[in-house]
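Read the structure below first, then the notes.
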Amino acid sequence: MTKVKTVTMKIIETERCILRPLTLDDAEALNRVNRIPEVVKYIGPVEDAVAKTADYLRNGPLADYQKFGFGRHACIDKSNNQLIGFCGLKYLPSLDDVDIGYRLLPEYWGKGLATETSLAIMDYAKKTLGLERVIGLAMPENKASINVFPKLGMQYERNLEFMGEDCVLWAWQQK
């Protein structure tokens, strides 16, 4: 991974969303998102209890903020101030790459929010963090997620097995 500038996690605003660092207080709302079968269809099993989601937050995003200076952001709908999912970055040691990922409640699908929030995160990755490369991973059947990647300036790079699943890897790289 390219050396990341040391930064403090920040709040990012888009037209319709606020992207802010996740907190343990988000465990219940994120658990509701993660228990919807359509939401987790292409990512495999996730934590089924709020306590397990809190553990995920402690050992995932909150630990990533401390270790790498970035991580997944809570995605908050500006119209009702509700957590509707997440969008953000995650360092993947097994690939030595930084992945952009997003997960939203189904009622927010098909409205351009994954693209809107991901574009803001990509801008943050480039300008604030100084990253020179960001990847996107998805199962080949996950056409909706894959359709976001070229909108972020990514190009198809290769197929690979990741965490026991066949995936496609798209990448944006500083030229």
Side-chain angles (χ1 to χ4, degrees), residues 1-17 19-22 30 33-34 38-46 56 59-75 84-104 108-175:
M1 176 176 74
T2 306
K3 176 100 172 93
V4 175
K5 298 177 194 172
T6 303
V7 296
T8 302
M9 286 290 296
K10 69 180 223 176
I11 294 172
I12 301 167
E13 276 197 59
T14 71
E15 181 181 337
R16 297 175 285 176
C17 294
L19 301 169
R20 62 155 173 80
L22 287 155
L30 186 58
V33 174
N34 287 342
E38 309 94 292
V39 172
V40 297
K41 180 178 181 178
Y42 297 114
I43 61 170
V46 294
Y56 157 76
N59 300 318
L62 301 179
D64 289 347
Y65 301 160
Q66 296 300 313
K67 190 169 184 179
F68 304 113
F70 62 86
R72 306 287 198 212
H73 280 72
C75 187
I84 61 169
F86 69 71
C87 182
L89 303 168
K90 178 164 184 55
Y91 176 66
L92 304 175
S94 63
L95 297 177
D96 192 29
D97 261 321
V98 176
D99 170 64
I100 189 164
Y102 32 87
R103 189 176 306 162
L104 298 170
Y108 290 89
W109 295 357
K111 299 178 181 190
L113 280 174
T115 300
E116 178 181 317
T117 56
S118 294
L119 283 168
I121 292 293
M122 288 295 289
D123 188 62
Y124 172 70
K126 297 171 191 177
K127 294 179 181 171
T128 303
L129 299 176
L131 293 178
E132 296 177 357
R133 178 177 162 87
V134 176
I135 66 167
L137 288 169
M139 291 181 186
E141 307 82 34
N142 190 351
K143 302 295 185 206
S145 278
I146 293 169
N147 287 339
V148 173
F149 297 152
K151 297 173 188 173
L152 305 179
M154 294 182 166
Q155 296 183 349
Y156 170 80
E157 197 169 273
R158 62 187 165 111
N159 285 38
L160 75 157
E161 185 177 304
F162 182 74
M163 296 179 64
E165 300 289 344
D166 290 329
C167 292
V168 294
L169 185 149
W170 287 61
W172 165 83
Q173 190 136 351
Q174 182 71 41
K175 296 183 183 191

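Side chains included, hydrogens not; waters and symmetry mates left out as well; all remaining heavy atoms used.
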Is the closest side-chain heavy-atom distance between [X] and [Y] below 4.5 Å?
| X | Y | answer |
| --- | --- | --- |
| Asp166 | Asn159 | no |
| Asp123 | Ile12 | no |
| Met154 | Val134 | yes |
| Phe162 | Leu92 | yes |
| Ile146 | Tyr156 | no |

Query - Plane angle bin for Phe149 and Trp170 - parallel if under 30°, tilted between 30 and 60°, otherwise perpendicular - result: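 Correct class here is tilted.
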
Working to the nearest 0.5 Å, report the span between [atom1] of [X] and [atom2] of [Y].
| X | Y | atom1 | atom2 | result |
| --- | --- | --- | --- | --- |
| Ile100 | Thr117 | CD1 | OG1 | 7.5 Å |
| Leu30 | Tyr56 | CG | OH | 6.5 Å |
| Trp172 | Arg133 | CH2 | CZ | 10.5 Å |
| Leu113 | Leu104 | CG | CG | 6.0 Å |
| Ser118 | Leu152 | OG | CG | 5.0 Å |
| Met122 | Thr115 | CE | OG1 | 12.0 Å |

Between the side chain of [X] and the main-chain N/O of [Y], is any donor-acceptor distance below 3.5 Å?
| X | Y | result |
| --- | --- | --- |
| Tyr102 | Ser145 | yes |
| Arg72 | Gly88 | yes |
| Glu116 | Arg16 | yes |

How close do [X] and [Y] get, counting heavy atoms only, and between which atoms?
| X | Y | value |
| --- | --- | --- |
| Gly136 | Asp99 | CA-OD1, 3.7 Å |
| Ala120 | Leu19 | CB-CD1, 4.3 Å |
| Leu22 | Leu62 | O-CD2, 3.1 Å |
| Gly69 | Leu129 | O-CD2, 4.2 Å |

Query - Over 12 foreign heavy atoms within 6.0 Å of CD, Gln155 - result: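 Atom CD in Gln155 is not crowded, with 12 or fewer foreign heavy atoms closer than 6.0 Å.
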
Report task. Flag yes if more than 12 heavy atoms outside Gln66 fall under 6.0 Å of its CD atom; otherwise flag no. Result ->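 Open.
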
Query raised in the report: Hey, are Tyr91 and Asp96 close enough side-chain-wise for a donor-acceptor pair under 3.5 Å?
Result: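 Checked: Asp96/Tyr91 side chains pair up, N/O donor to acceptor below 3.5 Å.
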
